Amino acid sequence: MTTADPRLGHSVHVDVRGLRSDAVYYYRFRAGTQVSPVGRTRTAPGSRSKPRNLRFAFASCQDYQAGFYTAYQHLAAEDLAFVAFLGDYIYEGAPNPNAARQHEGAGEPYSLAEYRNRHARYKSDVNLQAAHAAFPWIVTFDDHEIDNNWADEIPQDPALQTPEAFRARRIAAFQAYYEHMPLRRSSLPAGLDMQVYRRLRFGSLASVHVLDTRQYRSDQPATLTAAQDPALTMTGPEQEKWLVDGLESSGSRWNLLANQVMWASNDRKAGPEQSFDFDNWDGYRVQRKRLLEGFGRVDNPVVLTGDRHCTWVCDLRPDFDDPSTPVVGAEITGTSITSGGNPDVAGFHATYDPIMAESPHWRYIDNQRGYIVCDVNAERMLSSLRLVDTIWATSATVRTAAEFVVEAGRPGIASVSEEQALLRRQPPAGPIYDVHDDQDAHPLRG
Ligand SMILES: [Fe+2]
């Protein structure tokens with residue numbers, strides 16, 4: 001029995017204790033005469049266990065106005081231990097009458113009631129509901145849960161939002177986020193703050209280090225010279241120490257970072273001139289180099305990333321401009337559920353293929369919608385790019401467009417297999433025939 005308090009939007013956050021490890025549970029809620037649909041969850045393996053395998057998905061960036069959640073129709077049918085959501089669960093944008101479907105309200109949300117209504121609009125989607133009902137989720141936020149490109153107490157447009165107004169906005173947005181997300185009570189906001197960076201352990205096989213790269217970060221630099229300032233931080237000093245200590249002492253075979261914005265250098269211009277988005281780790285280069293040098297002391301680090309609305313699979317090295325520095329890890333940036341809309345694939349490759357030719361640490365790029373399924377065992381991590389053919393219709397087909405392998409003990413991306421190679425590897429569709437030299441073909445069962 002728990003109380004749904006109106007001060008928390010009638011949400012409940014039940015921290016159930018005494019469950020068996022590595023077990024599937026079904027649950028529902030009862031309030032008065034109302035009974036909720038049945039949800040399913042799965043507990044983590046015991047901290048001292050040695051799981052053979054861990055299979056999960058990660059996703060990000062689900063702008064409701066950009067299209068339908070066809071990706072979640074398919075994600076909900078996967079066999080997964082959990083879903084990691086890496087940010088941009090809601091978007092704060094005003095309703096757009098020309099969009100595929102519309103946000104509620106009259107403009108951007110600022111008050112608690114407005115953020116609650118925005119979350120309620122997103123949660124009304126049946127495919128999103130199905131994905132939550134099928135798996136436990138590990139969530140963290142990026143910028144759009146509050147305001148585009150916010151940094152600590154600084155809004156996107158300080159000329160238009162006073163510091164007091166933005167602090168009030170952040171408090172409202174955090175509270176609505178907490179109310180609507182599967183977070184433990186340890187993340188209950190206290191004033192301006194919400195504890196979201198945390199660590200989850202899946203026996204000795206993997207640790208998931210969940211980052212918060214908004215609440216403690218320095219404001220984005222404006223130039224490449226300013227981005228070299230060693231004082232700039234993406235995490236704040238406390239979280240950096242927590243991350244470094246946790247990575248080096250996890251005792252886990254794999255160290256997975258649930259992260260928001262791209263670590264790998266991401267030049268946007270072909271030719272000798274360079275152009276960067278300084279909201280990414282490209283804007284916090286000294287801290288990035290320090291952390292990546294530390295990756296050399298970490299067992300199998302793999303960064304999982306959202307934000308980019310594209311798939312970007314990369315080798316990580318402390319200095320991306322010096323290909324002689326060692327590869328220390330891998331980053332898999334996993335497309336988006338809807339943000340960016342149905343893609344212009346040819347236009348994307350016309351722009352980025354020439355830059356890829358100058359960026360040897362980029363191993364695979366794509367701009368279609370979907371999610372990534374990761375299958376981890378002691379030897380390797382296999383990541384499958386699952387793409388839907390449209391988000392501008394209410395249903396879609398899904399396919400595995402590429403697979404990326406990271407081998408344990410060998411930092412970086414070991415191999416990339418694209419769709420044609422994957423199709424060649426699969427058995428042909430339809431009945432299988434047992435062909436004898438002197439007989440007609442006989443269809444076999446199965
Ligand atoms: Fe996004």
Side-chain angles (χ1 to χ4, degrees), residues 59-63 65-68 70-71 86 88 91 93 96 98-100 144 148-149 223-224 227 261-283 303 305-317 320-321 323 330-372 383-393 396-404 412-413 415-424:
S60 65
C61 296
Q62 53 183 31
D63 187 346
Q65 299 195 125
F68 295 95
T70 52
L86 306 178
D88 293 354
Y91 280 71
N96 173 3
N98 301 316
H144 290 289
N148 183 39
N149 285 0
T223 65
L224 192 51
V261 293
M262 269 186 78
W263 284 57
S265 175
N266 201 229
D267 182 17
R268 314 283 170 115
K269 260 205 179 113
E273 206 186 332
Q274 291 184 308
S275 167
F276 296 104
D277 177 353
F278 293 124
D279 186 59
N280 299 341
W281 283 86
D282 277 323
V303 180
T305 298
D307 177 64
R308 189 67 175 82
H309 308 173
C310 289
T311 301
W312 230 277
V313 178
C314 298
D315 291 330
L316 295 174
R317 42 171 45 106
F320 293 98
D321 295 325
E331 179 174 44
I332 300 172
T333 294
T335 181
S336 68
I337 294 293
T338 53
S339 304
N342 272 351
D344 170 7
V345 175
F348 172 81
H349 285 287
T351 301
Y352 281 101
D353 286 358
I355 309 174
M356 186 159 175
E358 304 164 355
S359 306
H361 61 288
W362 296 2
R363 303 294 305 280
Y364 181 88
I365 58 173
D366 181 82
N367 72 331
Q368 299 170 79
R369 304 283 73 79
Y371 56 92
I372 308 259
S383 300
S384 303
L385 173 60
R386 304 278 285 156
L387 293 181
V388 289
D389 64 337
T390 182
I391 59 162
W392 288 345
T397 60
V398 72
R399 68 188 204 278
T400 299
E403 288 181 344
F404 320 107
I413 303 295
S415 68
V416 173
S417 305
E418 297 196 46
E419 194 158 16
Q420 291 313 310
L422 297 175
L423 289 173
R424 278 199 299 277

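The structure presented is a predicted model; accordingly, all values stated were derived computationally and were not measured.
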[atom1] of [X] to [atom2] of [Y]: how many Å apart, nearest 0.5 Å?
{"X": "Tyr352", "Y": "Asp267", "atom1": "OH", "atom2": "CG", "answer": "9.0 Å"}
{"X": "Ile355", "Y": "Lys269", "atom1": "CD1", "atom2": "NZ", "answer": "9.5 Å"}
{"X": "Thr335", "Y": "Trp312", "atom1": "OG1", "atom2": "CH2", "answer": "11.0 Å"}
{"X": "Ile372", "Y": "Ser383", "atom1": "CD1", "atom2": "OG", "answer": "6.5 Å"}
{"X": "Phe404", "Y": "Ser417", "atom1": "CZ", "atom2": "OG", "answer": "9.0 Å"}
{"X": "Cys314", "Y": "Leu316", "atom1": "SG", "atom2": "CG", "answer": "7.0 Å"}

Pairs touching residues 355-364 that satisfy side-chain hydrogen bond (donor to acceptor under 3.5 Å, both in side chains), sequence neighbours left out: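 The answer is Asp315-Arg363.
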
Ignoring hydrogens and angles, state whether a donor on the side chain of Arg308 or Asn266 is under 3.5 Å from an acceptor on the partner side chain.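 Yes, Asn266 and Arg308 have a side-chain donor paired with an acceptor closer than 3.5 Å.
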
Ignoring hydrogens and angles, state whether a donor on the side chain of Glu331 or Thr305 is under 3.5 Å from an acceptor on the partner side chain.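 Looking only at side-chain atoms, Thr305 and Glu331 do form a donor-acceptor pair, the distance falling under 3.5 Å.
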
Is any side-chain heavy atom of [Y] closer than 4.5 Å to one of [X]?
{"X": "Asp366", "Y": "Leu387", "answer": "yes"}
{"X": "Arg399", "Y": "Gln368", "answer": "yes"}
{"X": "Phe278", "Y": "Leu224", "answer": "yes"}
{"X": "Asp353", "Y": "Ile365", "answer": "yes"}

Counterpart residues, side chain to side chain contact (heavy atoms under 4.5 Å, CB included), relative to [X] (two or more places apart):
{"X": "Asp321", "value": "Gln274, Arg285, Asp319"}
{"X": "Asn367", "value": "Cys310, Pro343, Val345, Phe348"}
{"X": "Thr390", "value": "Asn342, Trp392, Ala393, Ala396"}
{"X": "Ser60", "value": "Leu86"}

Going by salt bridge (Lys or Arg N to Asp or Glu O under 4.0 Å), name the residues that satisfy it together with [X], two or more places apart in sequence or in a different chain.
{"X": "Glu418", "result": "none"}
{"X": "Asp63", "result": "none"}
{"X": "Asp307", "result": "none"}

Scan residues 384-393 for pairs that pass salt bridge (charged side-chain N to carboxylate O under 4.0 Å, His left out), counting only residues two or more places apart or in two chains.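 As it turns out, the salt bridge (charged side-chain N to carboxylate O under 4.0 Å, His left out) pairs with a partner in residues 384-393, which skip direct neighbours, are Glu78-Arg386.
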
If the condition is ring-ring contact (aromatic ring centres under 6.0 Å, His included), which residues does Phe276 pass it with, not counting sequence neighbours?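 Testing Phe276 for ring-ring contact (aromatic ring centres under 6.0 Å, His included), a comparison that skips the adjacent residues, returns none.
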
Residues that His309 engages under ring-ring contact (aromatic ring centres under 6.0 Å, His included), provided they are two or more places apart: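 His309: no ring-ring contact (aromatic ring centres under 6.0 Å, His included) contacts found.
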
Step by step, work out the side-chain contact (heavy atoms from CB on, under 4.5 Å) result for Ile337 and Arg369. CA-CA 6 Å; Ile337 294 293; Arg369 304 283 73 79; over 6 Å; no

Would Leu385 and Glu403 count as a side-chain contact (heavy atoms from CB on, under 4.5 Å) if you check the C-alpha gap in whole Å, the side-chain angles of each, and the deciding distance to 0.1 Å? CA-CA 6 Å; Leu385 173 60; Glu403 288 181 344; over 6 Å; no

With sequence neighbours excluded, residues passing side chain to side chain donor-acceptor pair (under 3.5 Å) with Asp344: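 Listed in chain order: nothing, the list is empty.
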
So which heavy atom on [X] is nearest to which on [Y], and how close?
{"X": "Asn280", "Y": "Met262", "answer": "CB-O, 3.7 Å"}
{"X": "Val416", "Y": "Ile413", "answer": "CG2-CG2, 3.9 Å"}
{"X": "Val261", "Y": "Trp281", "answer": "O-CD1, 3.2 Å"}
{"X": "Ala264", "Y": "Phe320", "answer": "CA-CZ, 3.6 Å"}

Donor-acceptor under 3.5 Å (Ser339 side chain, Cys61 main chain):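 The answer is yes, because a donor-acceptor pair under 3.5 Å joins these two groups.
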
